[in-house]
Asks: 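Before we start, here is the structure in question, set down as structure tokens.
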Amino acid sequence: MSRAPILVFGWGNPARGDDALGPLFVEAVEAMGLPGVECLTDFQLQVEHALDLEGRSRVLFVDASVDAPEPFGVEPVVARRDDSFTTHAMTPQAVLQVYRDLRGEPPPAWLLGMRGERWALGDPLSASARRHLDAALHWARHWLTRPPA
């Protein structure tokens, strides 16, 4: 099975205000129709998602964050076993570690965290989160279309 070389994986709960940023980002990237880019979304990262990394040259994990700089931050992610390894909600680092344990060295990966402020069940996306999403999408269009380093 041939896979797109770039995977964009966002997660979050669309019913919890700014936690919808990850899925909204993925939806917008998918609508761009960029060649060589595959998009996936879920409510949370799980051990099974390590298999989605197979055959990728780059991975961009995307989530809402209370700690990210405004409007967003991007940082490399390295494989590492952490406390999330045995839970249902894993970190990107733990997913990469599972891949390493199963298949060897994982593809290069980055985490894009968009700053959020409202998280209650039923909250709509905040105005600031919408601006952060727009800024992150502007950055992502360039990152996703640049040749690999």
Side-chain angles (χ1 to χ4, degrees), residues 3-53 56-100 106-149:
R3 291 188 163 190
I6 300 172
L7 174 64
V8 176
F9 195 113
W11 68 96
N13 185 339
R16 295 187 68 91
D18 296 350
D19 199 36
L21 282 167
L24 289 171
F25 181 94
V26 169
E27 182 180 293
V29 168
E30 199 158 41
M32 291 178 194
L34 301 173
V37 176
E38 183 177 342
C39 295
L40 292 174
T41 187
D42 207 332
F43 281 95
Q44 58 194 12
L45 291 175
Q46 299 177 39
V47 68
E48 295 83 3
H49 292 129
L51 299 177
D52 295 316
L53 307 181
R56 310 300 182 169
S57 62
R58 285 188 283 165
V59 176
L60 183 63
F61 291 103
V62 183
D63 193 18
S65 172
V66 70
D67 300 323
E70 289 191 42
F72 65 91
V74 179
E75 60 187 31
V77 181
V78 295
R80 182 181 44 129
R81 195 172 317 276
D82 60 26
D83 292 341
S84 74
F85 185 72
T86 58
T87 69
H88 291 289
M90 296 176 69
T91 64
Q93 293 85 349
V95 171
L96 290 172
Q97 183 63 48
V98 170
Y99 185 88
R100 177 182 279 161
W110 290 263
L111 173 61
L112 185 153
M114 291 170 283
R115 183 69 171 260
E117 59 186 35
R118 298 176 64 177
W119 311 97
L121 187 62
D123 274 353
L125 190 69
S126 69
S128 61
R130 172 58 64 190
R131 289 190 303 276
H132 301 167
L133 174 62
D134 291 343
L137 287 165
H138 178 77
W139 171 86
R141 179 179 287 279
H142 297 288
W143 189 87
L144 293 167
T145 57
R146 74 171 167 80

Asks: Give, for atom CG of Leu144 and atom CE of Met32, the distance between the pair rounded to the nearest 0.5 Å.
Replies: 7.0 Å
Asks: Do Leu7 and Leu53 come close enough that some side-chain heavy atom pair is under 4.5 Å?
Replies: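 Yes, at least one pair of side-chain atoms sits under 4.5 Å.
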Asks: Could you check whether any side-chain heavy atom of Asp18 comes within less than 4.5 Å of a side-chain heavy atom of Leu125, counting everything from C-beta outward?
Replies: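 Of all side-chain heavy-atom pairs linking Leu125 with Asp18, at least one is under 4.5 Å.
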Asks: I'd like to check the ring pair (Phe, Tyr, Trp, His ring centres under 6.0 Å) partners of Trp143; sequence neighbours left out, ordered by chain and number.
Replies: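 Trp143 satisfies ring pair (Phe, Tyr, Trp, His ring centres under 6.0 Å) with Trp110, Trp139 only.
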Asks: Mind listing the closest non-hydrogen atom pair of Val29 and Val37 along with its distance?
Replies: CG1-CG1, 4.1 Å
Asks: Taking all non-hydrogen atoms of both residues into account, name the closest pair between Val47 and Met90 and its distance.
Replies: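 Smallest interatomic distance, heavy atoms only, reads N-SD, 3.1 Å.
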Asks: Would you give the length of the straight line joining atom CG of Leu21 to atom CZ of Arg16, rounded to the nearest 0.5 angstrom?
Replies: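 Reported value, rounded in 0.5 Å steps: 14.0 Å.
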Asks: Nearest 0.5 angstrom please: Glu70 CD to Arg115 CZ, how far?
Replies: 5.0 Å
Asks: Could you check whether any side-chain heavy atom of Ser128 comes within less than 4.5 Å of a side-chain heavy atom of Arg118, counting everything from C-beta outward?
Replies: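 Not in contact.
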Asks: With a 4.5 Å limit on heavy-atom distance, are the side chains of Arg141 and Leu34 in contact?
Replies: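 Yes - at least one pair of side-chain heavy atoms lies under 4.5 Å apart.
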Asks: Any chance NE2 of His142 has more than 12 other-residue heavy atoms, nucleotides or ligands included, within less than 6.0 Å?
Replies: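 Yes.
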Asks: Set out, in order, the CA-CA distance, both residues' side-chain angles and the distance that settles side chain to side chain contact (heavy atoms under 4.5 Å, CB included) for Val62 and Met114, then state yes or no.
Replies: CA-CA 8 Å; Val62 183; Met114 291 170 283; 3.5 Å; yes
Asks: Considering all heavy atoms of both residues, which atom of Ala68 and which atom of Gly113 are nearest to each other, and what is their separation?
Replies: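 It is CB-O, 3.3 Å.
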Asks: Measure the spacing between CZ of Arg100 and CZ of Arg81 and express it to the nearest 0.5 Å.
Replies: 10.0 Å
Asks: Under a 4.0 Å N-O cut-off, is there an ion pair linking Glu38 with Arg56?
Replies: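 A salt bridge links Glu38 with Arg56.
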Asks: Looking at every heavy atom in both Tyr99 and Pro106, which two are closest together, and how far apart are they?
Replies: CD2-CA, 3.4 Å
Asks: Could you list all the ring-ring contact (aromatic ring centres under 6.0 Å, His included) pairs where at least one residue sits in residues 3-49, not counting sequence neighbours?
Replies: Phe9-His49
Asks: Are Asp19 and Asp63 close enough that some pair of their side-chain heavy atoms sits under 4.5 Å apart?
Replies: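 Yes - at least one pair of side-chain heavy atoms lies under 4.5 Å apart.
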Asks: Kindly compute the distance separating CG (Leu133) from CD (Glu27), expressed to the nearest 0.5 Å.
Replies: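 Taking CG in Leu133 and CD in Glu27, the distance rounds to 9.5 Å.
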Asks: Once rounded to the nearest 0.5 Å, what's the spacing between atom CG of Leu111 and atom OG1 of Thr91?
Replies: 9.5 Å
Asks: For Leu51 versus Arg3, what's the shortest heavy-atom pair and its separation?
Replies: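 Smallest heavy-atom distance, with atoms named: O-NH1, 3.0 Å.
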Asks: Testing the basics here: between Ala109 and Leu96, what is the closest heavy-atom pair and its distance to 0.1 Å?
Replies: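 Looks like CB-CD1, 3.9 Å.
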